[in-house]
Novice: 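I have a structure I would like to understand better, so I am pasting it below and will then ask my questions one at a time.
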Number of protein chains: 2
Amino acid sequence: MKDKEAKALVKMFKALSHPNRLQLFVEILEQSEAAFEEGQDCLASTIMEKLNVGAPTISHHLKELVNAELISTERKGKFLTCQVNPEAMKRLGVFFAR
Amino acid sequence: MKDKEAKALVKMFKALSHPNRLQLFVEILEQSEAAFEEGQDCLASTIMEKLNVGAPTISHHLKELVNAELISTERKGKFLTCQVNPEAMKRLGVFFAR
DNA sequence: AAAACAATTCGATACTTGTCGAATTTTAGC
DNA sequence: GCTAAAATTCGACAAGTATCGAATTGTTTT
């Protein structure tokens, strides 16, 4: 395995290696799946209520997920919407398919 | 997702979230794949030469991989053999298959 | 039994990081 | 413009952890 690829994987795993961030990621994942029916839902505001942490912490965690390229975010006016990055899912899926 | 399942996943991700441990895991993974031809190879001794860390550190990292149920170990006399846990691979594969 | 080798345990240390409060920025609605 | 709401930035602190050296345990070999 190339060093570059290993680094990318480490970054992703690290991003998912904390309870709050994993939950954050799963929420976004499930929201994405449910996004067929309704419009995409926002986050920091919506999810902050589910997780028991403050806004600064959510912001920090989201940035790490983005930095690991697990999700991407988009500003929609006052809100911030999040989407799972399909590339990342595929990449990780392949890694564990042996 | 159940809390118990989330905790297990976090443990696995944390175990893979460090460069040396990921490399360790990948080495074991590749060794397992190559184990059809030859006999299973041992580790701390063999792998320690590839990774640039001391024996105590390897021992510590291996314990974490075992604790996360990503691998299992078996004593073979003086040596310690490692095998990837297929259950874990499947579990993680499913998680990213969406 | 003695020496050599593989691995583990134990403490200590340096570094990383999750969280918060306070202050700041950005956008919406009045 | 002013106020409220959503999100970000900043600084600080507590907790966790990767690594090492030294000492220890267990096993093989001579």
Side-chain angles (χ1 to χ4, degrees), chain A residues 3 6-28 31 39-83, chain B residues 3 6-28 31 39-83:
Chain A
D3 188 64
K7 271 186 187 153
L9 286 178
V10 164
K11 223 172 185 177
M12 293 189 199
F13 291 140
K14 193 180 300 191
L16 296 174
S17 74
H18 190 273
N20 286 341
R21 265 197 312 266
L22 179 61
Q23 192 180 347
L24 197 45
F25 180 73
V26 170
E27 295 281 356
I28 297 170
Q31 208 101 44
Q40 294 175 347
D41 263 325
C42 158
L43 290 195
S45 46
T46 305
I47 292 186
M48 209 187 67
E49 301 161 8
K50 301 195 180 184
L51 270 79
N52 208 14
V53 290
T57 304
I58 296 282
S59 188
H60 168 240
H61 285 326
L62 277 180
K63 209 186 302 179
E64 284 208 48
L65 288 176
V66 169
N67 193 250
E69 297 185 42
L70 283 167
I71 67 168
S72 61
T73 62
E74 194 180 346
R75 254 214 125 90
K76 284 267 176 73
K78 191 161 55 164
F79 301 93
L80 194 75
T81 65
C82 304
Q83 311 86 36
Chain B
D3 189 65
K7 271 186 186 153
L9 285 178
V10 164
K11 225 172 184 178
M12 294 190 197
F13 291 139
K14 193 181 298 191
L16 297 174
S17 74
H18 190 272
N20 286 341
R21 264 194 317 261
L22 178 61
Q23 191 179 347
L24 198 46
F25 180 73
V26 170
E27 295 281 356
I28 297 171
Q31 210 101 44
Q40 294 175 346
D41 264 323
C42 157
L43 289 195
S45 46
T46 304
I47 293 187
M48 209 186 67
E49 301 161 7
K50 300 193 180 185
L51 270 79
N52 208 14
V53 291
T57 304
I58 296 282
S59 188
H60 169 241
H61 284 327
L62 277 180
K63 209 186 303 180
E64 284 208 47
L65 288 176
V66 169
N67 194 249
E69 296 185 43
L70 282 167
I71 68 170
S72 61
T73 62
E74 193 180 345
R75 255 214 125 88
K76 284 270 176 70
K78 190 160 56 164
F79 300 94
L80 193 76
T81 66
C82 304
Q83 311 87 36

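Chain naming here is simple, since letters A, B, ... match the order of the sequence lines and numbering starts at 1 in each. None of the values given here were measured: they were computed from a predicted structure.
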Novice: How many Å lie between CE on Met48(A) and C1' on dA7(D), as a whole number?
Specialist: 10 Å
Novice: Starting the side chain at C-beta, find the nucleotide from dG18(C), dT8(C), dA7(D) nearest to Arg21(A).
Specialist: dG18(C)
Novice: Which one, dT8(D), dT19(C), dA7(C), comes nearest to the side chain of Thr57(A)?
Specialist: dT19(C)
Novice: If we ignore hydrogens and angles and just use 3.5 Å, is the side chain of Arg21(A) paired with the main-chain N or O of His61(A) as donor and acceptor?
Specialist: no
Novice: Of all the nucleotides listed (dT19(C), dT17(C), dA6(D)), which has the minimum atom distance to the side chain of Phe79(A)?
Specialist: dA6(D)
Novice: Kindly say whether Pro56(B) contributes a backbone atom to a donor-acceptor pair with the side chain of Ser59(B) at under 3.5 angstrom?
Specialist: no
Novice: Describe the nucleic acid contact of His60(A) in one word from base, sugar-phosphate, nothing, applying a heavy-atom distance below 4.0 Å.
Specialist: base
Novice: Report the residue (His18(A) or Lys78(B)) whose heavy-atom-nearest nucleotide on DNA chain C is the more 5′ of the two.
Specialist: Lys78(B)
Novice: Separation of Lys11(A) atom NZ from dT16(C) atom P, in whole Å?
Specialist: 15 Å
Novice: Pick the closest DNA chain C nucleotide for Ser59(B) and for Asn52(A) by heavy atoms, then say which residue is nearer the 5' end.
Specialist: Ser59(B)
Novice: Please examine the side chains of Ile47(B) and Ile28(B), heavy atoms only from C-beta on, and report whether any two atoms are closer than 4.5 Å.
Specialist: yes
Novice: The side chain of Leu80(B) is closest to which nucleotide in this list: dA7(C), dT9(C), dT19(D)?
Specialist: dA7(C)
Novice: Between Leu24(B) and Leu62(B), does the side-chain contact (heavy atoms from CB on, under 4.5 Å) criterion hold? Intermediate values first, please.
Specialist: CA-CA 8 Å; Leu24(B) 198 46; Leu62(B) 277 180; 4.1 Å; yes
Novice: Looking at Glu69(A), I'd like to know if its CD atom is crowded, meaning that more than 12 non-hydrogen atoms belonging to other residues, nucleotides or ligands lie closer than 6.0 Å.
Specialist: no
Novice: Could you tell me the separation between the CG atom of Leu62(A) and the C1' atom of dT9(D), rounded to a whole number of Å?
Specialist: 15 Å
Novice: Just to confirm, is there a sub-4.0 Å distance from OP1 or OP2 of dT17(C) to any side-chain nitrogen or oxygen of Lys14(A)?
Specialist: yes
Novice: Measuring from the side chain of Val53(B) (C-beta onward, heavy atoms only), which nucleotide among dA6(D), dC20(C), dC20(D) has the closest atom?
Specialist: dC20(D)
Novice: So, does Ser45(A) get its side chain near the phosphate of dA5(D), meaning an N or O under 4.0 Å from OP1 or OP2?
Specialist: no
Novice: I need the CZ-P distance between Arg75(A) and dA5(D), as an integer number of Å.
Specialist: 16 Å
